[in-house]
Amino acid sequence: MMEVIKACSTFFLYAVTAVFAENAVFGRAMGVSRLVKLVEDSTVDTLTFGGLLCLIQLVAAPLSFWVNLLLTPLSWRNAVRPFLFILCSTVAFFVVLGVLLLIWKEKARRMLAVLPMATFNTAVLGVLLIAATESFNLVQTMGFALGSGVGYTAAVVVVSEGQRRMRQDMIPGSFKGLPVTLIYIGILALAIYGFTGHRISIG
């Protein structure tokens, strides 16, 4: 029983860490271009994208963990690891696609338009690579994957709300649109970076 409780607490800890301190967008700048596209595209539902991203992460994470275990004794593992992790994401794509077609046949068509965006992006690949290079165990990898998906969705929501508020006349014309959005993301990234406990080095 204690082992289960310990595994659950570890999963929860790594999920919360990924949502806040290691947010895929604000902490490591992964998927920023995709995020900006999502914010500007009113046809894509943020929660649908976020849900699909979390599903892809949860399916790809254990696959990449086992692949990484097989690669551990090989000296050339770093050269092939990104390619194999992309293959893990592709497998996750078809697994989630099959589940969507089986369960939600009516809504599957709308979700299928978003699924490739939620699968093939740097946020997914980056999370798998971080989990591998940090030598996370399976529970930690799963928690980090879920938290990263939730954190990415939260980042999209925060940036969307910020962009709505930035559509004001007081913003100079040369800064409107993408420039002020990137400045806003940069300020948020500095705030999130503070959660990791880094100190400014003097001298």
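Just so you know, these numbers come straight off a predicted model, no measurement behind them.
With sequence neighbours excluded, the residues that form a ring-ring contact (aromatic ring centres under 6.0 Å, His included) with Phe120 are Phe93. Under the side chain to side chain donor-acceptor pair (under 3.5 Å) criterion, Arg28 pairs with Glu22, not counting sequence neighbours. Evaluation of the side chain to side chain donor-acceptor pair (under 3.5 Å) rule for Asn121 yields no partner, not counting sequence neighbours. Residues passing the ring-ring contact (aromatic ring centres under 6.0 Å, His included) test with Tyr14 are Phe136, sequence neighbours excluded.
Sorted by first and then second residue, the salt bridge (Lys or Arg N to Asp or Glu O under 4.0 Å) pairs with a member in residues 36-45 form an empty list; sequence neighbours excluded. Here salt bridge (Lys or Arg N to Asp or Glu O under 4.0 Å) pairs that include residues 47-65, with residues two or more places apart or in two chains, number zero.
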Residue pair Phe144, Thr17: steps toward the side-chain contact (heavy atoms from CB on, under 4.5 Å) verdict: CA-CA 7 Å; Phe144 190 73; Thr17 301; 5.5 Å; no

Verdict with supporting geometry, Leu38 and Thr46, side-chain contact (heavy atoms from CB on, under 4.5 Å): CA-CA 8 Å; Leu38 280 170; Thr46 301; over 6 Å; no

Full working for side-chain contact (heavy atoms from CB on, under 4.5 Å) between Val91 and Leu87: CA-CA 6 Å; Val91 172; Leu87 288 181; 5.6 Å; no

Worked verdict on Val139 versus Lys6 for side-chain contact (heavy atoms from CB on, under 4.5 Å): CA-CA 10 Å; Val139 174; Lys6 185 178 179 181; over 6 Å; no

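Here the side chains of Thr119 and Val124 are not in contact, with every heavy-atom distance at 4.5 Å or above. Counting only heavy atoms from C-beta outward, the side chains of Val159 and Thr181 approach each other to under 4.5 Å. For the pair Ile86 and Leu128, the minimum side-chain heavy-atom distance is 4.5 Å or more. At a threshold of 4.5 Å between non-hydrogen side-chain atoms, the residues Phe85 and Asn68 count as touching. Val36 places a side-chain heavy atom less than 4.5 Å from the side chain of Ile185. Taking 4.5 Å as the limit, some side-chain heavy atom of Val150 sits within range of a side-chain heavy atom of Cys54.
Hydrophobic clustering of Ile, Leu, Val, Met, Phe, Trp and Tyr side chains at less than 4.5 Å, counting indirect connections, keeps Leu63 apart from Leu70. One hydrophobic cluster, built from ILVMFWY side chains closer than 4.5 Å, holds both Leu138 and Leu146. Trp66 and Ile130 fall into different hydrophobic clusters, where Ile, Leu, Val, Met, Phe, Trp and Tyr residues are linked whenever their side-chain heavy atoms come under 4.5 Å apart, directly or through other members. In the hydrophobic clustering of this structure, Leu47 does not group with Phe49; members are Ile, Leu, Val, Met, Phe, Trp, Tyr whose side-chain heavy atoms approach within less than 4.5 Å, directly or through other members. Hydrophobic clustering, with ILVMFWY side chains joined whenever heavy atoms are under 4.5 angstrom apart, groups Met117 together with Phe94.
We find the OG1-CG distance between Thr153 and Leu35 to be 10.0 Å, quoted to the nearest 0.5 Å. Taking OG of Ser135 as the start and CG of Leu69 as the end, the distance is 10.0 Å to the nearest 0.5 Å.
Of all heavy-atom pairs between Met142 and Ala61, the closest is SD-CB, 4.0 Å. Closest non-hydrogen pair, Gly31 versus Tyr152, comes out as O-OH, 2.7 Å. Minimum heavy-atom separation, Gln57 to Gly149: NE2-N, 4.1 Å. Between Cys88 and Ala60, the shortest heavy-atom distance links the atoms O-CB, 4.1 Å. Heavy-atom minimum distance, Leu53 versus Ala118: CD1-O, 3.1 Å. In terms of heavy-atom proximity, Met111 sits nearest to Leu100 at SD-CD2, 3.5 Å.
The closest donor-acceptor contact from the side chain of Glu161 to the backbone of Val158 lies at 3.5 Å or more, if one exists at all. Between the side chain of Arg77 and the main chain of Leu74, a donor-acceptor pair closer than 3.5 Å is present.
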